[in-house]
Amino acid sequence: MSAQTTEFDPVVILTNAFGRAIAQALGDNAGAADAMIAPNKRPELGDFQCNAAMPLAKRLGEPPRTVASKILRALEPVPIIEPLTDADIAGPGFINIRLRPEAIGELLAAFDTPALGLVCEGEPETVVVDLCGVNLAKQMHVGHLRSMIIGDALARIFERLGNRTIRQNHVGDWGLPIAMVTHKLQEEVDSGRMRLDAVTLDDLDRLYKEAQRDCTADTRGLAAARRWRMGPKAEAELEAQVTGAEEALADAKQTLLRLQRQEPATVRIWRSIADITMAECLKVSEQLGVRLSAEDAAGESSYAAELAGIAEDLVSRGVAEMSEGALVVKVEGLDQPCLIKKSDGGFLYATTDMAAIRRRVQQFGADRVIYCVDSRQSLHFAQVFGAARRSGYATKPGASTPSRLEHAANGMVLGEDHRPFKTRSGENVKLADLISEAMERAGNVVAAKSRDLPADEVAAIARAVGVAAIKYADLSNDRIKDYVFSFDRMLSFEGNTGPYLLYALVRIRSIFRKAQERGIGFDRHAPILPSAPAERALALVLLRYPETVRAAAKHLEPHRLCGLLYELATAFSTFFDACPVLASEGATRAGRLRLCDITARVLADGLTTLGIPTLERM
RNA sequence: GCGCCCGUAGUUCAGUUGGAUAGAACAACGGAUUUCUAAUCCGUCGGUCGGAGGUUCGAGUCCUCCCGGGCGCGCCA
């Protein structure tokens, strides 16, 4: 497949050519040696380099430069490169490779298709992406930000590569904490203090915290008061608190039972809580340009009816066993087993996750399930994945091996003080507030820089710039690491930021607008003849696009694509500065226009693949 | 106590399967605009890659130990 004449990726062409040369020169001794072709570390020496001679030399017991020389003698002519001689062997045995100038234009022309080199390889897979994970009755905060942004980007990357994706929002909508707040809201409504149709998410957030507090008995405080003889008044107060908490907890448990029995009055309250929370969640998704719909929500409640059956199934097949009164599934390689059922008969979130895996793999047909969740859950997922594989829930009907279950763990969002991102008073920052602040700040900058644009367009630009800033700042960092959130840095519009990428794109758009104004036509088949260093450099970055998208998918790392797009924007900016497009003439102008067009399409495609909005002007 | 993750320039971050002289950006300083958006470009300055051993022709990358930071560790979700 890679030997097609339409191949545009010089790495692939060189890998094949050098692979054949290695096999011919060194025979079986070389085995299936990789040609180790890479972009040249030192551009002044060449465009690419072959690093294969050194490891082969070790295996063959010959000096590496001798091996390199043999490879070169066995190398059949490669049309895209300048002829190689021993003079191109450098250092311990690097082979420096330089593309012919015309070849770069030809490769780029082969790359210049609507698909931009990204065709589906092999069978498309069904990929389930678990993202967002919002909890009922709680404001969304920065903790959800990364899961949503990274999850959406990964889903888009898989879609771009031709796979079928299913987004799943594993909503925390079940269990005792939800019952607590349901009960609390019921009390507020019953007493007439609140009207169900006027409840806001802020109200729920407050009630949630109050319910938590109501249900937490201060038994340690009471014990301490008795031990230190703090007086009858203090003891009585604490006793009343503990009694009250026990009652509240009992009420909550009753509410949970009523929910499980689907009692209409209780379900009505719960449904309101769910509706209010999900409306906010979808609003935030929409603002951020995260593709997440109401249909993608599969809450814990949707699995509740399956849990008992799962426990029975696991016991009957000998997968689960009793341990210290609880039902567990032991997982090879882990000290702690996966807890399926508490000694009091209740189920845990691991049980729900097992049910989710079963549905995703066996019902949805997932070949891969990717969890975009906080890295703190890594032990939990190791347990659940292990238990799911053991139980067969992770295996598609008729398949012989389990589907791939992967935790795309993300680090935390930190404030500039390197502590978890909070408000000054120590509260979680509401995601809605964070987004509106980004847009407001972006609006200030846009209004200051783009005075000649109409007000409504400025507002639209500000929204796009704010979202691009937030999302690019998140995506361009290594997913696994904590990252430091800074409005000033992400909106500075300088350096490695979302706005910088957008700026590169709008500058290209502007060239084409000007071209049209001046009656300069665009020939999308014009020969590309990169002669200036900036043109060569830009072309070589463009050719790396498809492989970079694939690498981002392979490693579940969107920041690889961010890095390439930043390099592309930088290469274009340098080109823009050094190579006049419209002021040039003839073939040069036509070729440069086409180079601009391809650059704009790759930039836009890359940004869209990451879920970052694009712009015509800014 | 056990486990996982992280440690790279003053700051924020890249660094591909182990490949040449570890790269950007910000900050600081100096330049560039009668020309397509200067929200830009070019240059200068800045590093014992947490430390010590080891494997290797070659280590930021792999192994061992140590230091520092974060997170997690059966009946919460």
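We name chains A, B, ... by the order of the sequence lines, and we start the count at 1 in each one.
Side-chain N/O atoms of A/Arg507 include one lying less than 4.0 angstrom from OP1 or OP2 on B/rA38. A/His380 has no side-chain polar atom (N or O) that falls below the 4.0 Å cut-off from OP1 or OP2 of B/rG74. For B/rU12, one of the phosphate oxygens OP1 or OP2 lies less than 4.0 angstrom from a side-chain nitrogen or oxygen of A/His418. A close approach under 4.0 Å does occur between a side-chain nitrogen or oxygen of A/Tyr500 and OP1 or OP2 of B/rC41. Within the 4.0 Å cut-off from OP1 or OP2 of B/rC42, at least one side-chain nitrogen or oxygen of A/Thr574 is found. For A/Lys341 and B/rG74, the shortest distance from a side-chain N or O to OP1 or OP2 is not below 4.0 Å. Dashed line: the shortest gap from a side-chain N or O of A/Lys514 to OP1 or OP2 of B/rU35 is not under 4.0 Å.
Following rounding to the nearest Å, A/Leu475 (CG) and B/rU12 (P) show an atom-to-atom distance of 20 Å. One can place CZ of A/Arg589 at 15 Å from P of B/rC36, the figure rounded to the nearest angstrom. What separates CD of A/Glu494 from P of B/rC42 is a distance of 14 Å, to the nearest Å. Atoms CZ (A/Arg419) and P (B/rG70) sit 9 Å apart, rounded to a whole Å. The distance from atom CZ of A/Arg479 to atom C1' of B/rC13 is 17 Å, rounded to the nearest whole Å. Distance, A/Asn51 CG to B/rG19 P: 8 Å, rounded to whole Å. Computed from coordinates, the A/Tyr483 OH to B/rU11 P distance equals 20 Å when rounded to whole Å. Nucleotide B/rU16 holds its C1' atom 14 Å from the CD1 atom of A/Ile37, rounded to whole Å.
The side chain of A/Arg560 has B/rU16 as its nearest neighbour among B/rC6, B/rA39, B/rU16. Among the nucleotides B/rG70, B/rC36, B/rA14, the one closest to the side chain of A/Val581 is B/rC36. In this structure, the nucleotide among B/rC36, B/rG19, B/rC41 sitting nearest to the side chain of A/Phe576 is B/rC36. Closest to the A/His559 side chain, of the nucleotides B/rA14, B/rC36, B/rU17, is B/rA14. Among the nucleotides B/rA20, B/rA39, B/rC76, the one closest to the side chain of A/Val446 is B/rA39. Side-chain proximity of A/Ile480 to B/rA14, B/rC5, B/rG70: nearest is B/rC5. In this structure, of B/rA39, B/rA14, B/rA77, it is B/rA39 that holds the atom nearest to the side chain of A/Lys449. Of the candidate nucleotides B/rC36, B/rU12, B/rG74, B/rG74 has the atom lying nearest to any side-chain atom of A/Ser323. Counting only heavy atoms from C-beta on, A/Ser573 has its side chain closest to B/rU40 among B/rG19, B/rC36, B/rU40. Here the nucleotide nearest the side chain of A/Asn477, chosen from B/rC13, B/rC57, B/rU40, is B/rC13.
Going from the C1' atom of B/rG18 to that of B/rU35 covers 48 Å, rounded to whole Å. One P atom belongs to B/rC67, the other to B/rA52, and the distance between them is 15 Å to the nearest Å. Between B/rA14 and B/rC26, the distance separating the two C1' atoms is 14 Å to the nearest Å. B/rG23 and B/rC45: their P atoms are spaced 14 Å apart (whole Å). B/rC49 and B/rG10 have their P atoms separated by 12 Å, given to the nearest Å. Comparing the P positions of B/rC42 and B/rG60 gives an interatomic distance of 28 Å, to the nearest angstrom. Across the C1' atoms, B/rA24 and B/rU8 are found 13 Å apart, a figure rounded to whole Å. Comparing the P positions of B/rU12 and B/rG7 gives an interatomic distance of 13 Å, to the nearest angstrom.
Within the 4.0 angstrom heavy-atom criterion, no nucleotide atom of any strand lies near A/Phe485. Using a 4.0 Å heavy-atom distance criterion, A/Pro55 is classed as a base contact. As judged by a 4.0 angstrom heavy-atom cut-off over every strand, A/Leu45 is placed among the base-contacting residues. At a threshold of 4.0 angstrom between heavy atoms, the contacts of A/Asp478 are confined to the sugar-phosphate backbone, with no base atom among them. Nucleic acid contact for A/Ser450: base, since at least one base atom lies under 4.0 Å from a heavy atom of the residue. As judged by a 4.0 angstrom heavy-atom cut-off over every strand, A/Ala90 is placed among the base-contacting residues.
Once rounded to the nearest 0.5 Å, the distance linking CZ of A/Arg509 with CD of A/Glu616 reads 4.5 Å. Expressed to the nearest 0.5 Å, how far CG of A/Asn135 lies from OG1 of A/Thr277 amounts to 9.0 Å.
The partner of B/rC2 is B/rG72, by the rule that a Watson-Crick or G-U pair needs both atom distances under 3.5 Å. B/rU48 is unpaired under the Watson-Crick or G-U wobble criterion, no partner having all donor-acceptor distances under 3.5 Å. The nucleotide B/rU17 finds no pairing partner, because no Watson-Crick or G-U wobble arrangement with both distances shorter than 3.5 Å includes it. Applying the Watson-Crick and G-U wobble criteria (two distances, each under 3.5 Å), B/rC41 pairs with B/rG31. Both distances falling under 3.5 Å, in either a Watson-Crick or a G-U wobble arrangement, occur for no nucleotide opposite B/rA59. B/rG7 and B/rC67 make up a base pair, with Watson-Crick or G-U wobble contacts both under 3.5 Å.
Position along RNA chain B of the nearest nucleotide to A/Arg376 versus A/Glu44 favours A/Glu44 as the more 5'-ward residue. Of the residues near RNA chain B, A/Arg617 and A/Lys41, the one whose nearest nucleotide (by heavy atom distance) lies more toward the 5' end is A/Lys41.
A/Phe385 and A/Tyr371 have their aromatic ring centers within a separation under 6.0 angstrom. A/His559 and A/Tyr483 have their aromatic ring centers separated by at least 6.0 angstrom. Ring-centre distance between A/Tyr349 and A/His380: below the 6.0 Å cut-off. Ring to ring, A/Tyr472 and A/Tyr566 are not that close: their centroids are 6.0 angstrom or more apart.
Donor-acceptor pairing under 3.5 Å, judged by distance alone, is absent between the side chain of A/Asp353 and the base of B/rA77. Counting atom types as modelled, A/Glu300 pairs no side-chain N or O with a base atom of B/rA77 as donor and acceptor under 3.5 Å. Between the side chain of A/Thr570 and the base of B/rA24 there is no donor-acceptor pair of N/O atoms closer than 3.5 Å. With hydrogens and angles ignored, no donor-acceptor pair closer than 3.5 Å exists between the side chain of A/Ser375 and the base of B/rC5. At a cut-off of 3.5 angstrom, the base of B/rA77 holds at least one donor-acceptor pair with the side chain of A/Tyr349.
In summary, A/Asp47 and A/Arg536 engage in a salt bridge, as defined by a charged side-chain N under 4.0 Å from a carboxylate O. Salt bridge annotation for A/Arg146-A/Asp474: present, with a cationic side-chain nitrogen under 4.0 angstrom from a carboxylate oxygen. A/Arg441 has a carboxylate O that lies under 4.0 Å from a charged side-chain N of A/Asp488, or vice versa, which qualifies the two as a salt bridge.
With hydrogens and angles ignored, the 3.5 Å screen pairs a side-chain donor or acceptor of A/His407 with a backbone N or O of A/Asp374.
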